[in-house]
Protein chains: 2
Amino acid sequence: MLADTPVESPCPPLLRRLRKFVDPGPDDLAALALLTRDRRQADAGTCLLREGDSGRAALLLCSGWAMRERSLPDGRRQIMEFLLPGDMCDPGSFVTRRADSSVLAITAVQYVRVAPDLLMDALRRAPGLGLCLWWMAAQHAALMRSHLLAVGRLDARERVAGLVWELARRLDLIADGPPRVYRMPLSQDLIADATGLSVVHVSRTLCGLEREGVLHRHGGSWQILSRRRLRALAKPGIDWPQALPESLRHGGSRVGTTDDTPC
Amino acid sequence: MLADTPVESPCPPLLRRLRKFVDPGPDDLAALALLTRDRRQADAGTCLLREGDSGRAALLLCSGWAMRERSLPDGRRQIMEFLLPGDMCDPGSFVTRRADSSVLAITAVQYVRVAPDLLMDALRRAPGLGLCLWWMAAQHAALMRSHLLAVGRLDARERVAGLVWELARRLDLIADGPPRVYRMPLSQDLIADATGLSVVHVSRTLCGLEREGVLHRHGGSWQILSRRRLRALAKPGIDWPQALPESLRHGGSRVGTTDDTPC
DNA sequence: CGGACTGTTGATCAAGGTCAACCTCTGTGG
DNA sequence: CCACAGAGGTTGACCTTGATCAACAGTCCG
């Protein structure tokens, strides 16, 4: 049985998230722990995965911040998402020939590189893990849709506020207690490329929000002064992330049926 | 064995796509056919899935066009994607409590509603089906990233050209021979909400492209006059979609290992 | 024939981009 | 200890893209 192999603490932020929303069984957790053998680290600015690469592997971010971006020959670029500790960065690459976007470390990071066959193996042994991945992928897709809505239809204030709100919420999820001050290693340059604005306008917008007493920045520390107003600005929030539906929870390795026979 | 249950032709466009890129085994195809029992149809304008709904089911579009959109209380909306015949519209809803976006029929459509346990069952019996879904999800995610790049960093001409280019390519994939004239039931209103532009500006942009001899419209028929120039405008194309990597193909029900024992 | 819907065109306006100067840190080397 | 460089941030002036408003032209349909 997988359940009693020695478990070296794999990735606390991820576990915290999964426990809260998906409720994986002990076998699944053990299988997950086995995936995290190939630990690595990288300095800020390093490219963990380059657009066009064919080296197929999923990345699991354990500490630090990273981002996924796609850029054009002329220098324009769009940041697709910021990756926080506990984020699994596309297992989709397994079924794809070349990466369509790059992943860059924003700060120094620790991460795990998961090879395809390792994951496939784990999936076969602990089917509940598949559910976890599926859930993460679904949450991720919803987040991408929020970004698309933001960039396509919100104005500058809303986009910037939305980004700050999103990141604060995501940090809440992986911290044990929601902090009053958030550490966010974001240059305005990054915010601009994530929101589709220019650096200058991001500066203006942030100053505006600060002047109105919505938030306060100092160094890399962000404080949300008016949760209410920030949230109101960050429209597309819906309730995110959502827990796995009841019918699928408390199942451990069970995959969504009502009968109790394992596998 | 599933392989010899009678197969009522399920959804030709989907099969065409899968055969070309994923190469599913006979068991997988049979399992797929069994999923398509709950056939339905809907008129243009009908809402197939409403934002906030908790009814969890995947939709498989068999004929006609649909779209996924998300809208704000004040009327702004963003179209996330257009759904063409053969598109599977988020099996992600299975692991989610409420839909974060709506799916609307653009034309009259035929579609299949796949219930969660039906799919879960099929996945257990024909594991290769999981690979198909995984592949589709990965392609879909890449497409969403293209949209995000477009809306965030491309100008109006590039966005509109990009959309036309994308749709033409996708139509090619599900047709047997690439047509010289594409039927696209797109009002400029839809194009606007998909590209994050205003209707008026879409009109101007399209007229511009037409004046320059890049494309030609008449009624719902679109003709690409200069493939080269349209493609050049539609930057973010990468090569999409990508076939499944060799190591995973020709596997039928095998899931990415080299040994031949089934399951 | 009249209305609804979609597309086109012109005039005007505003959100946000661009360019450039300047400022504040922080770290580095003399 | 100071001088300096470089990165990131702020501010102002000006310009451009695309939004908005409004009028009008086709087309479809009862």
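First the proteins, then the strands, lettered A, B, ... as listed; each starts at 1. None of the values given here were measured: they were computed from a predicted structure.
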Trainee: Could you check how far CG of A:L190 sits from C1' of D:dG9, rounded to whole Å?
Mentor: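 Whole-Å distance recorded here is 14 Å.
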
Trainee: Inspect the contact between B:D172 and B:K20 and indicate whether a charged nitrogen and a carboxylate oxygen are less than 4.0 angstrom apart.
Mentor: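 Here B:K20 does not pair with B:D172 in a salt bridge, since their nearest N and O are not under 4.0 Å apart.
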
Trainee: Assign A:R217 to base, sugar-phosphate, or nothing according to its heavy-atom contacts below 4.0 angstrom with the strands shown.
Mentor: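 Answer is sugar-phosphate: A:R217 comes under 4.0 Å of backbone atoms only.
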
Trainee: Would you kindly give the CG-to-C1' distance between B:D189 and C:dC5, to the nearest whole Å?
Mentor: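 Between C1' of C:dC5 and CG of B:D189: 11 Å.
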
Trainee: Got a sec? Which of residues 192-207 of chain B come in under 4.0 Å of DNA chain D, heavy atoms?
Mentor: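 Close to the strand are B:G196, B:L197, B:S198, B:V200, B:H201, B:R204.
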
Trainee: For A:E210 and A:R153, find the nucleotide of DNA chain D closest to each by heavy atoms; which residue's nucleotide sits nearer the 5' end?
Mentor: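 It is A:E210 whose nearest nucleotide is closer to the 5' end.
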
Trainee: Within the sub-3.5 Å range, which N or O atoms of nucleotides 21-28 of chain C have a protein N or O partner, and how far apart are they?
Mentor:
none

Trainee: What is the minimum heavy-atom distance between A:A138 and B:T96, and which atoms define it?
Mentor: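 In this case the closest contact between A:A138 and B:T96 is CB-OG1, 4.0 Å.
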
Trainee: Could you check how far CG of A:L154 sits from P of D:dA19, rounded to whole Å?
Mentor: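 These atoms are roughly 14 Å apart.
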
Trainee: Near A:R50 CZ, under 6.0 Å, is it more than 12 heavy atoms from other residues, nucleotides or ligands?
Mentor: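 Counting other residues, nucleotides and ligands, CZ of A:R50 stays at 12 neighbours or fewer.
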
Trainee: Please determine which of B:Q78, B:E81, B:R159, B:E166 meets the side chain to side chain donor-acceptor pair (under 3.5 Å) test together with B:H147.
Mentor: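 Running side chain to side chain donor-acceptor pair (under 3.5 Å) over B:Q78, B:E81, B:R159, B:E166 with B:H147 returns exactly one hit, B:E166.
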
Trainee: Provide the closest heavy-atom pair for B:M144 versus A:R145 in the form atom of the first, atom of the second, distance.
Mentor: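 Scanning both residues, the minimum pair turns out to be CE-CG, 3.6 Å.
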
Trainee: Please say which of B:L104, B:D53, B:V103 ends up in a side-chain contact (heavy atoms from CB on, under 4.5 Å) with B:L48.
Mentor: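 Answer to the side-chain contact (heavy atoms from CB on, under 4.5 Å) test with B:L48 among B:L104, B:D53, B:V103: B:V103.
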
Trainee: How close or far is atom P of D:dT16 from atom CG of B:D155, stated in whole angstroms?
Mentor: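 Interatomic distance, CG of B:D155 to P of D:dT16: 15 Å.
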
Trainee: Just the rounded figure in Å: distance from P of D:dG8 to CD1 of A:I106.
Mentor: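 So the CD1-P distance, A:I106 to D:dG8, works out to 13 Å.
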
Trainee: Any side-chain N or O of B:Q188 below 4.0 angstrom from OP1/OP2 of C:dT8?
Mentor: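 Yes.
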
Trainee: For B:L186 and C:dG7, what is the distance between atoms CG and C1' respectively, to the nearest whole Å?
Mentor: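 Atom-to-atom, B:L186 to C:dG7, this comes out as 14 Å.
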
Trainee: Quick check: closest heavy atoms across B:T36 and B:V112, and the distance to 0.1 Å?
Mentor: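 Nearest heavy atoms, B:T36 then B:V112: CA-CG1, 3.6 Å.
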
Trainee: Starting from C1' on C:dG7, measure out to NE2 on B:H218 and report it in whole angstrom.
Mentor: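 The answer, rounded to whole Å, is 13 Å.
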
Trainee: Please check this pair: side chain of B:R170 against backbone of B:F82, looking for a donor-acceptor N/O pair closer than 3.5 Å.
Mentor: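 Here the side-chain-to-backbone pair exists.
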
Trainee: Not counting sequence neighbours, which residues clear side chain to side chain contact (heavy atoms under 4.5 Å, CB included) with B:A58? List them please.
Mentor: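 Applying side chain to side chain contact (heavy atoms under 4.5 Å, CB included) to B:A58 gives B:M88, B:P91, B:F94, B:V114.
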
